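Step one of this worksheet: look at the structure below.
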Amino acid sequence: MSDRDELRSLVASWLEAIRAGDLDGVLARHADDVVLFDVAPPLCHRGLAACREAWAPFLDGGPHRTFELRELSLHVGADVAFAHALARTDQDEEVAVRVTLGFAKRGGRWAIVHEHHSAPITA
């Protein structure tokens, strides 16, 4: 499997876990030292345990059966990669959240090392 294919599969599994409300699945490919920049305070979560605490309220508010990424772009290097997209949930079709995922290849396997969610500022 190519790196690009592995990363696409990783993102697809992450999306399915979000849709299913599966917290363990959402975090399955996150590195222990992952950094998450989130929409709601606190804006920065460092480490897998903090990332788990940040994701839990969103998943508890689900299910998010129609959570999707639109305009997904994937950029792959030898041992680092990133993806960016617009995310929409079944809660509000008009609100999009920007999502960036950073990946590092560790021990021959891709892991999410950075996750960034941001929302447009409305006046």
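Side-chain atoms are counted along with the backbone in the values below, which use heavy atoms only and exclude waters and symmetry mates. All of these numbers come straight from a predicted model, not from anything done at the bench.
Separating the CZ atom in R8 from the CG atom in L74 is a distance of 5.5 Å, to the nearest 0.5 Å. Of the inter-residue distances, the one linking F58 atom CZ with F67 atom CZ reads 5.0 Å to the nearest 0.5 angstrom. Between the CG atom in L7 and the CH2 atom in W110 there is a gap of 5.5 Å [rounded to 0.5 Å].
Using a 4.5 Å heavy-atom threshold, the side chains of D5 and S2 count as touching. Side-chain contact check for V26 versus L59: some heavy-atom pair is nearer than 4.5 Å.
Judged as a side-chain hydrogen bond (donor to acceptor under 3.5 Å, both in side chains), and not counting sequence neighbours, the contacts of E16 are R19. Legend: residues meeting side chain to side chain contact (heavy atoms under 4.5 Å, CB included) with A28, ordered by chain and number and at least two apart, are absent. Listed by chain and number, the residues in a side-chain hydrogen bond (donor to acceptor under 3.5 Å, both in side chains) with S118 are R98 (sequence neighbours excluded). Under the rule for a side chain to side chain contact (heavy atoms under 4.5 Å, CB included), the partners of V11 that lie at least two apart in sequence or sit in another chain are L15, L69, L72, L101, F103. Remark: D22 pairs with no residue by the side-chain hydrogen bond (donor to acceptor under 3.5 Å, both in side chains) rule, at least two apart or across chains. Remark: D33 pairs with R106 by the salt bridge (Lys or Arg N to Asp or Glu O under 4.0 Å) rule, at least two apart or across chains. Under the rule for a side chain to side chain contact (heavy atoms under 4.5 Å, CB included), the partners of H114 that lie at least two apart in sequence or sit in another chain are V35, F37, H116. H117 meets the side-chain hydrogen bond (donor to acceptor under 3.5 Å, both in side chains) test with D38, E115; sequence neighbours excluded.
The closest donor-acceptor contact from the side chain of S13 to the backbone of S9 lies under 3.5 Å.
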Ignoring hydrogens and angles, write down the donor-acceptor pairs under 3.5 Å from the side chains of residues 75-84, residues two or more places apart or on other chains.
residue	atom	partner	partner atom	Å
H75	NE2	H84	NE2	3.4

Output a table of donor-acceptor pairs, distance under 3.5 Å, between side-chain atoms of residues 39-53 and any protein atom two or more places apart or on a different chain; print 'none' if there are none.
residue	atom	partner	partner atom	Å
H45	NE2	P42	O	2.9
R52	NH1	D24	OD1	3.1
R52	NH2	D24	OD1	3.0

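A salt bridge links E68 to R70: one of the charged nitrogens lies within less than 4.0 Å of a carboxylate oxygen.
Across L10 and I112, no two heavy atoms sit closer than the pair CD2-CD1, 3.7 Å. Between G25 and A17 the shortest heavy-atom distance is C-CB, 3.4 Å.
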- Item | From CA spacing to verdict: salt bridge (charged side-chain N to carboxylate O under 4.0 Å, His left out), K105, E6 | CA-CA 11 Å; K105 190 179 260 190; E6 182 182 347; 5.5 Å; no
